[in-house]
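None of these values were measured; they are calculated from a predicted model.
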Amino acid sequence: MIPRPELLHDLSASYALSSGATVSGDLVDAVRVALPRLDLRPGDSGEIDVRRDPALGEEAYRLTVGSRGVEIAAGGRAGAFYAAQSLHQLLPDASYRFSAGASWAVPGVRVEDAPAFAWRGLHLDVARHFLPKREVLRLLDLMAVHKLNRLHLHLVDDQGWRVESRAYPRLHEVASHRPRTVSSHYGEPVTYDDLPHGGYYSLDDLAEIAAYARSRCVTVVPEIDVPGHASAILAAYPEFGATGEPHEVLDRWGISPAILSPLPATVDFLLTVFDELLGALGETPYVHIGGDEVVLDHWAASPEIGAYRESLGLATANDLQAWFLRRLADALAERGARAVVWDEAFVSGGLREDTIVMPWRGMGVGRRAAAAGHDIVATPVFPLYFDYAESGSPAEPMAIGDTTTVDDVAAFDPAPASWSDAERSRVLGTQAQLWSERVPDPRTVDYRLWPRACALAEVAWAGRAQEGFGERLARHLGRLDALGVEYRPPAGPRPWQRRRPHRPSELDMRDRMARIEEMTHDAESTRPSV
């Protein structure tokens with residue numbers, strides 16, 4: 001199984017389970033949603049019996065298969081859902097394909113299981129390259145198979161805004177598309193593909209995505225990245241920028257100096273947008289507000305913004321950035337949501353105590369955030385940025401860098417033993433990031449995510465990759481085949497997966513991590529690259 005359960009004992013008896021079997025008990029819906037291809041029927045008694053056990057945690061379960069059938073005890077709906085996913089992995093690969101009237105022998109087992117971490121996430125950047133709703137729903141299904149439970153949607157960046165706004169319609173009418181996209185490698189003369197790109201989710205789409213996610217025990221974490229990465233927003237509404245000058249949706253990659261104004265009108269604008277977003281998503285416990293790669297030059301140069309900063313009693317533009325993010329976090333707290341930020345916002349200081357920090361620049365800054373009393377989600381570039389290539393070979397499709405392998409992900413420790421108990425207790429979990437500058441379509445999404453996300457699922461659920469992970473992963477690939485996942489084969493890409501060749505990097509990933517982690521000791525550590 002992937003992820004491997006905490007306890008798994010083989011039993012001598014087995015049971016024949018057929019599609020259309022009956023499921024009974026307290027949490028029938030969770031089991032039926034988890035096993036759609038088995039076409040289970042609710043009933044008063046049946047082959048699968050599921051009961052709530054208040055002594056278990058919400059996501060914990062016991063699964064027993066014997067001669068009398070399948071018995072599930074779960075602490076809550078999530079536990080029953082995950083028990084059903086484990087049951088499915090006891091069946092042949094063919095059970096992941098729809099087949100009316102099929103029957104399978106289920107080996108006798110006793111499983112006792114609960115996750116090591118509450119936050120088991122995947123991040124999907126739909127701002128650089130948009131993915132239609134159907135692809136998000138499909139990813140949620142694949143996350144559910146692997147017991148991943150947080151989908152972080154990066155909904156805005158310089159290259160696009162991806163949410164309908166009825167209060168500010170130019171956001172989806174203007175900011176959601178660009179006329180072309182850069183096609184050259186970094187360091188080459190700039191060329192473009194001259195193909196329009198765009199798209200956005202209607203508020204109804206977001207409501208559907210959130211409901212679909214909840215039914216599969218996944219929480220959607222929307223990200224509206226502010227105050228930097230603002231070219232697309234300012235292409236629609238330049239009056240909310242620090243300079244008021246016109247902007248265009250960016251057609252190339254990198255960090256832009258475009259920045260929102262911190263003045264009250266901008267805050268009101270953002271809160272209106274947040275209210276629309278939360279109204280569509282429904283109960284939303286977390287909202288990511290970014291705070292990363294913010295270039296403060298325009299704030300420092302603006303007399304109006306400088307006077308506003310002084311009126312607040314703040315000494316520097318950096319202090320104003322911290323104040324701005326805390327103002328938004330306070331407003332989100334009033335709406336029942338915790339703010340989440342990238343680690344630059346922690347380095348700038350002034351965060352609410354309940355703000356969650358994602359230390360993308362390394363576990364060193366993550367430890368500092370944990371020691372300061374912040375919950376963290378481990379998200380370091382190495383090994384959890386899945387836009388990096390899986391080998392330093394030109395046979396790979398073009399990637400932002402290399403090399404991050406399945407084994408690298410499997411070796412990751414989200415809560416190192418060298419940390420104190422108090423620091424380790426602040427680790428909510430871990431999450432992989434798929435930035436999409438070099439991920440232009442759904443087939444490339446599959447290639448980049450899988451099977452590395454299988455290793456992530458094991459680490460996030462079990463706390464570390466368990467014994468025999470490599471052998472279990474090789475067996476698991478048959479399930480991915482049945483599900484239609486176009487993953488990267490262990491031997492390397494298939495001919496049609498190569499596409500534009502990768503340019504191998506001469507910089508070792510560990511050297512790169514040391515460099516960017518050193519940056520976390522400077523509160524003003526990012527500058528524009530375009």
I need the minimum non-hydrogen distance between Pro416 and Met363, along with the two atoms involved.
CD-CE, 4.2 Å
Evaluate the criterion side chain to side chain contact (heavy atoms under 4.5 Å, CB included) for residue pair Asp26 and Val50; output intermediate values, then yes/no.
CA-CA 6 Å; Asp26 304 324; Val50 54; 6.0 Å; no
Residue of the set Asp125, Asp157, Thr444 for which side chain to side chain donor-acceptor pair (under 3.5 Å) holds with Ser436:
Asp125
Assess whether ring-ring contact (aromatic ring centres under 6.0 Å, His included) is satisfied between Phe130 and Tyr201, documenting all intermediate values.
CA-CA 10 Å; Phe130 179 72; Tyr201 305 111; 4.8 Å; yes
When you measure from the centre of the six-membered ring of Tyr286, is the NZ or CZ of Arg338 under 6.0 Å away and within 45° of the axis?
no
Could you go through the side chain to side chain contact (heavy atoms under 4.5 Å, CB included) check for Leu434 and Val439 one step at a time?
CA-CA 8 Å; Leu434 186 63; Val439 183; 4.1 Å; yes
Do Val163 and Val156 have side chains that approach each other closer than 4.5 Å (heavy atoms only, starting at C-beta)?
no
Between the side chains of Trp119 and Gln431, is a donor N or O closer than 3.5 angstrom to an acceptor N or O?
yes
Ignoring hydrogens and geometry beyond distance, is a side-chain donor-acceptor pair present between Arg309 and Thr316 at under 3.5 Å?
no
Are any non-hydrogen side-chain atoms of Leu8 and Asp10 less than 4.5 angstrom apart?
yes
Can you see whether Glu223 engages His154 through a side-chain donor-acceptor pair at a distance of less than 3.5 angstrom?
yes
Output, in order, the C-alpha distance, side-chain angles, deciding distance and verdict of salt bridge (Lys or Arg N to Asp or Glu O under 4.0 Å) for Asp343 and Arg361.
CA-CA 7 Å; Asp343 64 61; Arg361 293 184 293 178; 2.6 Å; yes
After noting the C-alpha distance and the side-chain angles of Arg475 and Asp93, does the key distance pass the salt bridge (Lys or Arg N to Asp or Glu O under 4.0 Å) rule?
CA-CA 9 Å; Arg475 169 71 180 80; Asp93 298 343; 2.6 Å; yes
Which is it for Val341 and Ile356 under the side chain to side chain contact (heavy atoms under 4.5 Å, CB included) test, yes or no, and what are the steps along the way?
CA-CA 6 Å; Val341 296; Ile356 298 168; over 6 Å; no
Any Lys/Arg nitrogen of Arg438 or Asp387 sitting under 4.0 Å from an Asp/Glu carboxylate oxygen of the other?
no
Criterion ring-ring contact (aromatic ring centres under 6.0 Å, His included) on His152 and Trp342, from CA distance to verdict
CA-CA 13 Å; His152 175 170; Trp342 300 111; 5.7 Å; yes
I'd like to know if the side chain of Asp225 pairs up with that of His288 as donor and acceptor (distance under 3.5 Å, no hydrogens or angles considered).
no
Can you name the closest pair of heavy atoms from Leu63 and Ala83 and give their distance?
CD2-O, 3.9 Å
For the atom pair OH (Tyr308) and OG (Ser261), what is the distance rounded to the nearest 0.5 Å?
8.5 Å
In this structure, SG of Cys454 is separated from CZ of Phe469 (nearest 0.5 Å) by 6.5 Å
Closer than 3.5 angstrom, by distance alone: can the side chain of Arg162 be matched with the main-chain N or O of Ala127 as a donor-acceptor pair?
yes
Pairing donors with acceptors under 3.5 angstrom, does anything connect the side chains of His229 and Glu293?
yes
State whether Lys147 and Glu458 are salt-bridged, where the test is any N-O pair (Lys NZ or Arg NE/NH1/NH2 against Asp/Glu carboxylate O) under 4.0 Å.
no
Non-neighbouring partners of Ala329 that pass side chain to side chain contact (heavy atoms under 4.5 Å, CB included), sequence neighbours left out
Ala339, Arg352, Thr355
Would you call Asp408-Arg452 a salt bridge at under 4.0 Å N-O?
no
Glu517/Arg515 under salt bridge (Lys or Arg N to Asp or Glu O under 4.0 Å): CA gap, chis, key distance, verdict:
CA-CA 5 Å; Glu517 191 150 2; Arg515 179 178 60 83; over 6 Å; no
According to side-chain hydrogen bond (donor to acceptor under 3.5 Å, both in side chains), who are the partners of Arg479, at least two apart in sequence or on a separate chain?
Gln89, His476
Does NZ or CZ of Arg326 lie under 6.0 Å from the centre of the six-membered ring of Phe324, at an angle within 45° of the ring axis?
no
Tell me yes or no: between the side chains of Asp402 and Tyr388, is some donor less than 3.5 Å from an acceptor?
no
Measuring only between side-chain heavy atoms, which start at C-beta, is Trp435 closer than 4.5 Å to Arg128?
yes
Any side-chain heavy-atom pair of Leu270 and Leu328 under 4.5 Å
yes
Regarding Tyr61 and Asp53, do their side chains bring together a donor and an acceptor under 3.5 Å, going by distance alone?
no
Taking all non-hydrogen atoms of both residues into account, name the closest pair between Leu122 and Ala453 and its distance.
CD2-CB, 4.4 Å
Does either side chain, that of Asp481 or that of Tyr96, offer a donor lying less than 3.5 Å from an acceptor on the other one?
no
Show your reasoning for whether side chain to side chain contact (heavy atoms under 4.5 Å, CB included) applies to Arg216 and Asp141.
CA-CA 7 Å; Arg216 284 147 182 80; Asp141 283 334; 2.8 Å; yes
Please examine the side chains of Val109 and Thr64, heavy atoms only from C-beta on, and report whether any two atoms are closer than 4.5 Å.
no
Side-chain donor-acceptor contact under 3.5 Å, Glu396 with Ser391
yes
Does Trp450 form a ring-ring contact (aromatic ring centres under 6.0 Å, His included) with His146? I'd like the steps, not just the answer.
CA-CA 11 Å; Trp450 310 100; His146 295 84; 4.6 Å; yes
For Arg335 and Asp275, what are the C-alpha separation, side-chain angles and deciding distance, and is it a salt bridge (Lys or Arg N to Asp or Glu O under 4.0 Å)?
CA-CA 8 Å; Arg335 292 157 171 78; Asp275 283 338; 2.5 Å; yes
When you measure from the centre of the six-membered ring of Trp419, is the NZ or CZ of Arg424 under 6.0 Å away and within 45° of the axis?
no
Is any side-chain heavy atom of Ile233 less than 4.5 Å from a side-chain heavy atom of Leu260?
yes
Would you say that Trp161 contacts Leu155 through its side chain, given a criterion of any heavy-atom pair below 4.5 Å between the two side chains?
no
Output for pair (Leu296 CG, Ser348 OG), nearest 0.5 Å, gives 7.0 Å
Does Thr284 reach the main-chain N or O of Gly282 with its side chain, forming a donor-acceptor pair under 3.5 Å?
yes
Would you check if Ile259 and Val294 make a side-chain contact, meaning some heavy-atom pair closer than 4.5 Å?
yes
Can you see which heavy atom on Gln85 is nearest to which on Ala34, and at what distance?
NE2-O, 3.6 Å
Using ring-ring contact (aromatic ring centres under 6.0 Å, His included), reason through Trp461 and Tyr82 one step at a time and then give a plain yes or no.
CA-CA 11 Å; Trp461 181 272; Tyr82 296 138; 5.3 Å; yes
Note: Ala415 and Val427 closest approach over all heavy atoms is CB-CG2, 4.0 Å
Could you give the distance from CD (Gln466) to CE (Met1), rounded to the nearest 0.5 Å?
13.5 Å
Considering non-hydrogen atoms only, spot the tightest contact between Pro262 and Val267 and give its length.
O-CG2, 4.1 Å
